[in-house]
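By convention here, the first residue in the shown sequence is residue 1. Remember, it's 1-based here, ligands and their atoms both numbered in the order they're listed. Not measured: the values here are computed from a predicted model.
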Amino acid sequence: MGANILVAGGAGYIGSHVCKMLKKMGFNVFIYDNLSHGYKFLAKYGEFVLGDVGDRRQLELVLKNYKIDVVMHFCAFIEVGESVQNPRKYYDNNLYNTINLVDTMLDCGVNKLIFSSTAAVYGMPERVPIDEDDKKDPINPYGRTKWMIEQVLKDYSDAHGLRYVAFRYFNAAGADPEGELGEAHDPETHLIPLVLDAALGIRKSIKIFGTDYPTSDGTCIRDYIHVNDLADAHIKGVEYLLNGNPSNYFNLGNGKGFSVREIIDTVKKVTGKDFPVEEVERRPGDPALLIAKSEKAKKVLGWEPKYGIEEIITHAWNWHKKLKGVES
Ligand code: UFG
């Protein structure tokens with residue numbers, strides 16, 4: 001019998017892909033989601049429980065009834081701009097509710113956690129590729145909530161017997177290669193799905209936010225990592241904790257950067273569609289360059305990302321057409 005895994009936020013983008021892979025690997029999957037941003041139609045690889053990570057009583061019932069061995073926590077608000085406008089929302093959910101989740105876990109005798117962190121903990125990095133131990137200096141409330149939680153987890157690990165793995169995702173992208181799951185944010189703010197909307201003609205153009213960055217073509221460079229490569233790291237993280245290893249934290253990226261222009265060109269190539277591109281002002285708070293050094297995850301977890309940018313965009317395109325009900 002596989003271990004029992006509670007996937008909080010399992011009806012969301014990354015969580016749903018992780019559930020599918022966990023199930024394939026023989027784990028027993030329990031999805032815990034309040035459906036505020038997740039979708040029931042993505043929560044199909046596990047037993048679904050409607051619940052909020054802020055609801056201690058409901059969490060206690062689930063942790064005890066299902067004899068949970070490991071909790072994965074994907075329930076977070078992720079919009080940087082919104083976090084600046086409404087920090088309270090972010091501290092309430094991403095910080096306070098996460099502490100509630102960990103306290104409830106420990107009180108119920110569950111001490112293993114996989115936590116979703118982010119490249120945003122580094123803020124404006126001093127160098128790339130970014131190493132896990134480089135300076136953490138988040139520049140918005142979203143990044144701060146994630147870094148605060150990482151520090152809480154470290155203290156709990158030192159003093160209260162928690163064992164955790166924190167994964168700092170770079171730019172999660174792509175979709176299930178089998179076409180059953182994918183990205184469905186509302187509102188959508190991420191580059192690739194917005195470019196795909198332009199390719200479908202749902203959006204009349206794609207805007208490039210800033211063309212005067214100190215990069216090769218003046219646009220921001222990001223490290224795009226396939227959601228299934230992220231899911232694979234999570235499986236390895238669960239095995240790492242189940243094997244009794246100590247708390248740890250890892251960057252998850254491809255170690256290769258693509259500019260906004262390169263992403264747009266790759267979408268045009270993969271989809272065979274042309275669409276207008278507008279050059280506009282910078283979006284506040286965007287670092288010029290984010291590229292991960294992921295050697296630690298490779299060495300410690302034996303993780304190796306499989307997918308390159310064309311596969312990321314091809315899988316995203318297949319899903320996107322299905323989601324929007326359009327056949328091109
Ligand atoms: N961009 C555009 N036009 C758009 C949308 C985005 O030019 O319409 C640009 C952005 O300015 C940025 C790049 O495309 O340079 C990627 O933007 P995304 O919004 O897709 O992703 P981010 O790099 O801003 O955000 C990601 C995660 C966040 C996390 C952040 C860490 O999605 O959750 O990395 O810096 F906080």
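Contact annotation for Asp286 and ligand 1: only side-chain heavy atoms (C-beta onward) come within less than 4.0 Å of the ligand. The part of Tyr142 lying near ligand 1 is the side chain, judged by heavy-atom distances below 4.0 Å. At a 4.0 Å heavy-atom cut-off, ligand 1 does not touch Ile263 at all. Contacts between Ile206 and ligand 1 below 4.0 angstrom, taking non-hydrogen atoms only, involve the side chain exclusively. In Arg282, neither the side chain nor the backbone holds a heavy atom less than 4.0 Å from any atom of ligand 1. In Ile192, neither the side chain nor the backbone holds a heavy atom less than 4.0 Å from any atom of ligand 1. Within the 4.0 Å heavy-atom criterion, the part of Tyr224 lying near ligand 1 is the side chain and not the backbone. Contact annotation for Arg283 and ligand 1: only side-chain heavy atoms (C-beta onward) come within less than 4.0 Å of the ligand.
Summarising the local packing, NZ of Lys23 is surrounded by more than 12 heavy atoms from other residues, nucleotides or ligands at distances under 6.0 Å. Counting non-hydrogen atoms of neighbouring residues, nucleotides and ligands closer than 6.0 angstrom, the OH atom of Tyr96 reaches no more than 12 such neighbours.
When hydrogens are left out, the protein atom nearest atom 27 (C) of ligand 1 is His190 NE2, 4.2 Å; that is the closest non-hydrogen contact. Atom 35 (O) of ligand 1 has its closest protein heavy atom at Leu290 CD1, 3.4 Å. Shortest contact from atom 15 (O) of ligand 1 to any protein heavy atom: Cys220 CB, 2.9 Å. Among all protein heavy atoms, the one lying closest to atom 9 (C) of ligand 1 is Val260 CG2, 3.8 Å. Here the heavy atom of the protein found nearest to atom 3 (N) of ligand 1 is Lys207 O, 2.7 Å. Counting only heavy atoms of the protein, atom 20 (O) of ligand 1 lies nearest to Leu191 N, 2.8 Å. Of all protein heavy atoms, the one closest to atom 4 (C) of ligand 1 is Phe209 CE1, 3.3 Å. Shortest contact from atom 23 (O) of ligand 1 to any protein heavy atom: Arg222 NE, 2.7 Å.
Applying the 4.0 Å criterion to heavy atoms of Ile78 picks out, from ligand 1, the atoms 33 (O). Of all atoms in ligand 1, listed by their number and element, those nearer than 4.0 Å to a heavy atom of Ile208 are 7 (O). Contact atoms of ligand 1 toward Ala120: 31 (C), 36 (F) (distance under 4.0 Å to a heavy atom of the residue). Annotation for ligand 1: atoms under 4.0 Å from non-hydrogen atoms of Thr189 are 5 (C), 19 (O).
You'll find the side chain of Val29 stays beyond 4.5 Å of the side chain of Lys20, heavy atoms only. A 4.5 Å side-chain heavy-atom check between Tyr66 and Glu47 finds at least one atom pair inside the cut-off. Counting heavy atoms from C-beta outward, Glu183 and His320 have side chains that stay 4.5 Å or more apart.
A salt bridge between Glu150 and Arg168 is present, with a side-chain N of the basic residue lying under 4.0 Å from a carboxylate O of the acidic one. Asp286 and Arg283 are joined by a salt bridge, as a carboxylate oxygen and a charged side-chain nitrogen come within less than 4.0 angstrom of each other. Salt bridge absent: Asp229 and Lys306 never bring a charged side-chain N and a carboxylate O closer than 4.0 Å.
Both Ile5 and Ile235 are part of a single hydrophobic cluster, where members link through side-chain heavy atoms under 4.5 Å apart. Met25 and Leu241 fall within a single hydrophobic cluster, where Ile, Leu, Val, Met, Phe, Trp and Tyr side chains are chained together by heavy-atom contacts under 4.5 Å. Connection of Val70 to Leu301 is established within a shared hydrophobic cluster, with ILVMFWY side chains joined at heavy-atom distances below 4.5 Å, either directly or through further cluster members.
Residue Tyr90 forms a side-chain hydrogen bond (donor to acceptor under 3.5 Å, both in side chains) with just one option from Glu82, Arg144, Gln85, Lys146, and that option is Glu82.
For atom 21 (O) of ligand 1, the nearest non-hydrogen atom from the set Thr118, Val80, Val277, Asn171 comes from Asn171.
The ring of Tyr164 has its center no closer than 6.0 angstrom to the ring center of Phe115.
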